[in-house]
Structures are given as C-alpha cells and as structure tokens.
Amino acid sequence: MNKSHWLVKQEPDSYPWSAFVKDGQTEWDGVRNYQARNNLRAMKNGDLVLYYHSVKGKEVVGIATVIREAYPDPSATKGDWSAVDIKPIKPLRNAVSLETIKSDERFSEIPLLKHSRLSVMPITPSHFDLILELGQTSV
DNA sequence: GCCAACGTTGGC
DNA sequence: GCCAACGTTGGC
C-alpha cells in the first residue's frame with residue numbers, strides 16, 4: 001500500500017496513449033537522464049502513473065500503473081540505465097492541458113512546470129488527485 | 001522554426 | 001575541476 005504517484009512524458013508522435021492501450025502494456029525504456037532514471041527506480045508495483053503527451057497535445061491523457069519494477073534497460077548498450085513496465089488503467093474523461101495546469105496556482109510547485117525537461121517525475125498525492133478531479137475521472 | 005533551459009562532453 | 005561548446009527537450 002502507500003502508493004506513490006508519478007508522471008511520465010511521451011511525445012504522441014513517438015508513442016501515443018492510443019498505442020499504449022493497444023499494446024496492453026509497455027516497457028518504459030530509453031530514459032537517459034539520471035534524475036529520471038532514479039525516479040524509475042523508485043517506482044513500485046501498483047504505483048499510479050499519469051501519462052502526459054509532450055510537444056503535441058501538451059496534456060495529461062491517461063492513468064497507468066507499474067506492473068514491473070526497475071530492471072536493466074534492454075535498450076542500453078552501455079551505461080547504467082533502468083526500465084519499468086507499465087500498463088494503462090484508463091484514459092482521463094477530460095484531458096488536462098498544460099495550459100490548465102499553468103493557470104491553476106495550486107500546481108505552482110508541480111515538477112512538470114518547475115522542471116520542464118524532466119521526463120519521469122514524482123507527483124504529490126494532492127496534485128495527483130487534482131489532475132483526476134480536473135480530468136473528471138476516478139481510479 | 002525558434003530559442004530558453006539544461007544536461008553532457010571534452011579541452012585545458 | 002572549470003567552463004565553453006554542443007546536443008536535446010519541449011514550450012511557444
């Protein structure tokens with residue numbers, strides 16, 4: 001219990017939520033940033049993960065969960081990198097746009113805004129709940 | 001398409 | 001160990 005909450009970014013041109021749903025689950029690999037990697041390593045089975053479309057869309061589109069904790073990234077030919085497996089739970093009824101998040105001062109401390117280049121980040125329970133509320137969705 | 005932010009690399 | 005150069009991310 002005591003689940004943690006996360007947000008991962010992906011460009012929909014590379015791997016949109018729809019492809020993720022079609023696949024049923026996916027290997028979250030290819031992360032080459034130490035901070036993001038360390039966040040991947042802190043993920044536990046059952047943790048909840050927000051799925052954000054960067055560059056195009058710029059919105060949180062769905063909720064996923066961790067089904068396999070960190071293991072060596074098979075896509076890494078050198079270096080010490082990790083991957084996790086996640087699977088979709090459900091889409092947000094209403095996608096929550098970056099614009100909405102930026103305009104709501106309750107999100108002023110969210111890493112999505114403060115560390116805009118970080119691709120895997122922790123989300124506080126209150127921010128997570130707020131995204132779900134704005135997305136008119138419950139887990 | 002541009003560019004700010006930021007991480008990495010490599011010369012010294 | 002410093003820092004300039006360079007590459008990447010991602011919003012605008």
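Numbers restart at 1 for each chain; the letters A, B, ... are given by sequence-line order, proteins then strands. It should be emphasised that the depicted structure is a prediction, and the values quoted were computed from it without experimental measurement.
Contacts of A:D104 classified as salt bridge (Lys or Arg N to Asp or Glu O under 4.0 Å), with partners at least two apart in sequence or in another chain: A:R106. Under the side chain to side chain donor-acceptor pair (under 3.5 Å) criterion, A:H5 pairs with no residue at all, not counting sequence neighbours. Applying the side-chain contact (heavy atoms from CB on, under 4.5 Å) criterion to A:S108, with sequence neighbours excluded, gives no partner residue.
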Acceptor/donor pairs from residues 132-139 of chain A side chains to any protein atom, 3.5 angstrom cut, sequence neighbours excluded:
{"unit_1": "A:T137", "atom_1": "OG1", "unit_2": "A:R93", "atom_2": "N", "d": "2.7"}
{"unit_1": "A:T137", "atom_1": "OG1", "unit_2": "A:G135", "atom_2": "O", "d": "2.7"}

Output side-chain donor-acceptor pairs under 3.5 Å for residues 48-62 of chain A, partner residues at least two apart or in another chain, one line each.
{"unit_1": "A:Y51", "atom_1": "OH", "unit_2": "A:Y15", "atom_2": "O", "d": "2.7"}
{"unit_1": "A:H53", "atom_1": "NE2", "unit_2": "A:W17", "atom_2": "N", "d": "3.0"}
{"unit_1": "A:K56", "atom_1": "NZ", "unit_2": "A:D13", "atom_2": "OD2", "d": "3.0"}

List the atom pairs, with distances to 0.1 Å, where a side-chain N or O of residues 70-79 of chain A and a protein N or O form a donor-acceptor pair under 3.5 Å, not counting sequence neighbours.
{"unit_1": "A:Y71", "atom_1": "OH", "unit_2": "A:E27", "atom_2": "OE2", "d": "3.2"}
{"unit_1": "A:Y71", "atom_1": "OH", "unit_2": "A:D85", "atom_2": "OD1", "d": "2.5"}
{"unit_1": "A:D73", "atom_1": "OD1", "unit_2": "A:S75", "atom_2": "N", "d": "2.7"}
{"unit_1": "A:D73", "atom_1": "OD1", "unit_2": "A:S75", "atom_2": "OG", "d": "2.7"}
{"unit_1": "A:D73", "atom_1": "OD2", "unit_2": "A:G30", "atom_2": "N", "d": "2.8"}
{"unit_1": "A:D73", "atom_1": "OD2", "unit_2": "A:R32", "atom_2": "NH1", "d": "2.9"}
{"unit_1": "A:D73", "atom_1": "OD2", "unit_2": "A:S75", "atom_2": "OG", "d": "3.2"}
{"unit_1": "A:S75", "atom_1": "OG", "unit_2": "A:R32", "atom_2": "NH2", "d": "3.2"}

Using residues 113-122 of chain A as the side-chain source, report each donor-acceptor pair under 3.5 Å to any protein atom, sequence neighbours left out, with the distance given to one decimal.
{"unit_1": "A:K114", "atom_1": "NZ", "unit_2": "A:E109", "atom_2": "OE1", "d": "3.1"}

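Membership of the apolar cluster around A:W81 extends to A:Y34, as traced through chained side-chain contacts below 4.5 Å between ILVMFWY residues.
Across its full length, the helix from B:dG1-C:dC12 to B:dC12-C:dG1 shows an angle of 10° between the axes of its 5 terminal pairs at either end, rounded to 10 degrees.
For the segment residues 97-108 of chain A, residues with any heavy atom less than 4.0 angstrom from an atom of DNA chain C are, sorted by number, A:L98, A:K102.
Between the side chains of A:R37 and A:S82, no donor N or O sits under 3.5 Å from an acceptor N or O.
Among pairs with a residue in residues 83-113 of chain A, those fulfilling ring pair (Phe, Tyr, Trp, His ring centres under 6.0 Å) read A:F107-A:H127, at least two apart in sequence or across chains.
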Below 3.5 Å between N/O atoms, which protein atoms pair up with nucleotides 7-9 of chain B? Just atom names and distances, please.
none

